[in-house]
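A short worksheet on the structure shown next.
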Amino acid sequence: MSKGLPKQSEDFPGWYQEVVKQAGMAEHGSARGSQVIKPYGYALWENMQRALDDRFKATGHENLMFPLLIPYSVLAREEEHLEGFSAEVWTVTQGGGKELEEPLAIRPTSEATIWSAYSNWIQSYRDLPLLYNQWCNVMRYELRTRLFLRTSEFLWQEGHTAHATRDEAWEEALQMLEIYREVAEDILCVPVLAGRKSEAQRFPGADETFPIEGMMRDKRALQCGTSHFLGQNFSKAYDVKFLTDQGEQEYAWGTSWGWSTRMVGGTVMAHGDDKGLRLPPAVAPTQAVIVPIYKTDDERTRVLEVATKIKDGLVGNGVRVKVDDRDQHRPGFKFAEWELKGVPVRMELGPRDVEADHVVMVDRVTGEKRTVATDSAIADMASVLNAVQKALRDDATAFRDANTHEAATFDEVREGVAAEGGFWITPWCGDAQCEEKVSAETSASIRVLPLEREDPGGPCLVCGNPGTERATWAKAY
RNA sequence: CGGGACGUGGCGCAGUUUGGUUAGCGCACUGGUCUGGGGGACCAGGGGUCGCCGGUUCAAAUCCGGCCGUCCCGACCA
């Protein structure tokens, strides 16, 4: 653990890299672009994973596992899909030291293998819907990598569903988008815009892509999760037909949806400050830490005894809590370290506190320090954690709102994006050429369009033709 | 993949321009004493062959070539 972080305002990328490293979340693997997720980062991932998985199960989905390797010819069957991914695909050409007859692609995503299996699994409308999900690793060849945000290999969840009707598939895609929104906002405290992608930004092979987009503390956007309505594109490419109750052959309707370890980085960047991480209590690996303070051995014994009692009480209430009884560090050092690691609540317990039967409680989000009776420190911890959760969400929401602007003209967006960053909402005609022009000149892209088209209230910012969309532009990760 | 910077104990760096004895420093680490309510002090220790490969030379961390990797900006992307 080294001392000090670059200031966010002076060097945000440097701050991010350092905080991820110093907090013990991840580091680079020995192959280019790979990453080692360390226990503290992995614990955060497990907690968000659980929040998602519980919701998937509650909505009737089952987990399964498909192979990492996909025969190249299988991947190539959906043209648009292959075209979209070809630059990112890793291919295995040898096995056992010999050239393979057919190269194997390492999955960049699994639509291809899964739909080729679905063609065997689906015969009748009675076989539908298929509501499956897998937690797995995928690989994409990447030229520029950053821990969590973009690495060659990453962990994610990919849901793949097949339905008998268009409407049902459409509803499924939106339902999963809503689950992502809920986990992002309620669990991770990251306010997001949920909506549609423009055609240019759509997933290769999808008819419609629905993202949730959050704002990071450098005012850039991060796509936090995506749900796709696949129409019949994959069922046609992989020949997934079923017999309807009318006795007719029809192609199945599909969705797919994913959320990745990228969101660990998103949580870091959406909430962190110059002291380090600020983790949402709902997913923080450690929700509360007790720092004992003592001079003599006798004091140490007495303080640790009470600290352990408080810990046991909290554990009994389901709180993830630690007593930091390391003797090689002094309290001040521990305070700074737990702040760096973003633990939501810290309790300081010294001889004077033990004497008075109270603890000093410090909130990582507001920095507020107060003295609390030992009993209520245990009994009220759940509501304290809820309050921290809310404070973090309110803070992130206020930040996002303060950096979201309406604009009418190209000039406003160009200057706004360059000078201030953040989200810029404008009327847009829906034409890809106008979109491309803005992106080329500002390096901002359309992050999201409203789910239901809204009156943009003016002409397109580029061509001046009637606006048909309210587009939100931003620089993105 | 294009432009820029860089690679020296676990981490951060100096030394490289003007090759030359046992490669230094801070932090971290180990043992000890004093300490302990916001990143402690002192004493004594252990650890590197200078990203990798090759070349030039009496001699290479230092010069030359190739490769690998990292960071920043850009294009592409979860």
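Bear in mind that the values here come from a model prediction, so they are computed numbers and not experimental data. Naming: A, B, ... by sequence-line order, numbering from 1 per chain.
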Rounded to the nearest 0.5 Å, how far apart are [atom1] of [X] and [atom2] of [Y]?
X: A:H228; Y: A:T255; atom1: NE2; atom2: OG1; value: 9.5 Å
X: A:T226; Y: A:L177; atom1: OG1; atom2: CG; value: 9.0 Å
X: A:E158; Y: A:C136; atom1: CD; atom2: SG; value: 4.5 Å

Say we look at [N] and [M]: how far apart would their [atom1] atoms be, to the nearest angstrom?
N: B:U35; M: B:G47; atom1: C1'; answer: 28 Å
N: B:G51; M: B:U17; atom1: P; answer: 15 Å
N: B:G24; M: B:G39; atom1: P; answer: 33 Å
N: B:A61; M: B:C52; atom1: C1'; answer: 14 Å
N: B:G46; M: B:C29; atom1: C1'; answer: 8 Å
N: B:G36; M: B:G40; atom1: P; answer: 12 Å
N: B:C27; M: B:C43; atom1: P; answer: 12 Å
N: B:U62; M: B:G15; atom1: C1'; answer: 9 Å

Is the aromatic ring centre of A:F154 closer than 5.5 Å to the centre of the six-membered base ring of B:A78, with the two planes inclined by less than 30°?
-> yes

Let me know the distance between [atom1] of [X] and [atom2] of [N], rounded to the nearest Å.
X: A:E213; N: B:A78; atom1: CD; atom2: P; value: 10 Å
X: A:M216; N: B:A78; atom1: CE; atom2: C1'; value: 13 Å
X: A:M48; N: B:A78; atom1: CE; atom2: P; value: 19 Å
X: A:R144; N: B:C76; atom1: CZ; atom2: P; value: 13 Å
X: A:D274; N: B:G39; atom1: CG; atom2: P; value: 19 Å
X: A:Q35; N: B:A78; atom1: CD; atom2: P; value: 17 Å
X: A:W15; N: B:C72; atom1: CH2; atom2: C1'; value: 17 Å
X: A:E27; N: B:G10; atom1: CD; atom2: P; value: 13 Å

Has the side chain of A:T397 got a donor or acceptor atom that lies under 3.5 Å from a matching backbone atom of A:P191?
-> no

Give a yes or no answer on whether the side chain of A:R55 reaches the backbone of A:M176 with a donor-acceptor pair at less than 3.5 Å.
-> no

Counting the atoms with a prime plus P, OP1 and OP2 as sugar-phosphate, which does [X] contact under 4.0 Å by heavy atoms, base, sugar-phosphate, or nothing?
X: A:L149; answer: base
X: A:T209; answer: nothing
X: A:T226; answer: nothing

Pairing check on [N]: which nucleotide meets the Watson-Crick or G-U wobble criteria with it, both distances under 3.5 Å?
N: B:G38; value: none
N: B:G2; value: B:C73
N: B:G7; value: B:C68
N: B:C58; value: B:G20
N: B:G31; value: B:C43

Closest to side chain of A:L143, choosing from B:G12, B:A75, B:A78 | B:A75

Nearest to the side chain of A:E337, which nucleotide is it out of B:G39, B:C72, B:A78?
-> B:G39

Find out whether the Lys NZ or Arg CZ of A:R196 is both under 6.0 angstrom from the six-membered ring centre of A:F210 and within 45° of the ring's axis.
-> no

Only one of A:R140, A:R146, A:R262, A:Q35 passes side-chain contact (heavy atoms from CB on, under 4.5 Å) with A:T151, and that residue is A:Q35

Can you sort out the partners of A:Y16 under ring pair (Phe, Tyr, Trp, His ring centres under 6.0 Å), two or more places apart, ordered by chain and number?
-> none

Residue list, ring pair (Phe, Tyr, Trp, His ring centres under 6.0 Å) with A:F154, at least two apart or on another chain = A:W156

Atom CD of A:E46 with >12 non-hydrogen neighbours under 6.0 angstrom | yes

Does A:S443 or A:D11 map to a spot on RNA chain B nearer the 5' end, using the closest nucleotide for each?
-> A:D11

Closest nucleotide of RNA chain B for A:F203 versus for A:Y141: which of these residues is on the 5' side?
-> A:Y141

Does a side chain donor of either A:S34 or A:E153 reach within less than 3.5 Å of an acceptor in the other side chain?
-> no

Indicate whether any N or O donor in one side chain lies under 3.5 Å from an N or O acceptor in the other, for A:H358 and A:D353.
-> yes

Polar pairs (N or O, both sides) under 3.5 Å between protein and nucleotides 68-70 of chain B?
unit_1: B:U70; atom_1: OP1; unit_2: A:G33; atom_2: N; d: 2.9
unit_1: B:U70; atom_1: O3'; unit_2: A:H28; atom_2: NE2; d: 3.3

Quick one: which protein N/O atoms are closer than 3.5 Å to N/O atoms of nucleotides 29-38 of chain B? Pair and distance per line, please.
unit_1: B:U35; atom_1: O2'; unit_2: A:R330; atom_2: NH1; d: 3.4
unit_1: B:G36; atom_1: O2'; unit_2: A:Y294; atom_2: O; d: 2.9
unit_1: B:G36; atom_1: N9; unit_2: A:Y294; atom_2: O; d: 3.3
unit_1: B:G36; atom_1: N7; unit_2: A:K295; atom_2: O; d: 3.1
unit_1: B:G36; atom_1: O6; unit_2: A:K295; atom_2: O; d: 2.8
unit_1: B:G36; atom_1: N2; unit_2: A:D327; atom_2: OD1; d: 3.1
unit_1: B:G37; atom_1: OP1; unit_2: A:R330; atom_2: NH2; d: 3.0
unit_1: B:G37; atom_1: N7; unit_2: A:R352; atom_2: NH1; d: 3.3
unit_1: B:G37; atom_1: N7; unit_2: A:R352; atom_2: NH2; d: 3.3
unit_1: B:G37; atom_1: O6; unit_2: A:R352; atom_2: N; d: 3.1
unit_1: B:G37; atom_1: O6; unit_2: A:D353; atom_2: OD2; d: 3.2
unit_1: B:G37; atom_1: N1; unit_2: A:D353; atom_2: OD2; d: 2.3
unit_1: B:G37; atom_1: N2; unit_2: A:D353; atom_2: OD2; d: 3.1
unit_1: B:G38; atom_1: N7; unit_2: A:K369; atom_2: NZ; d: 3.4
unit_1: B:G38; atom_1: O6; unit_2: A:R346; atom_2: NH2; d: 2.5
unit_1: B:G38; atom_1: N1; unit_2: A:E339; atom_2: OE1; d: 3.4
unit_1: B:G38; atom_1: N1; unit_2: A:E339; atom_2: OE2; d: 2.9
unit_1: B:G38; atom_1: N2; unit_2: A:E339; atom_2: OE1; d: 2.6

A:R146 side chain near B:C73 phosphate (N/O to OP1/OP2, under 4.0 Å) | yes

Side-chain donor-acceptor contacts of residues 365-373 of chain A below 3.5 Å, not counting sequence neighbours, with atom names and distances?
unit_1: A:T366; atom_1: OG1; unit_2: A:D363; atom_2: OD2; d: 3.2
unit_1: A:T366; atom_1: OG1; unit_2: A:E368; atom_2: N; d: 3.2

Can you give me the N/O atom pairs linking the protein to nucleotides 42-48 of chain B at distances under 3.5 Å, or say none if there are none?
none

Tell me whether the centres of the aromatic rings in A:F56 and A:W257 are closer together than 6.0 Å.
-> yes

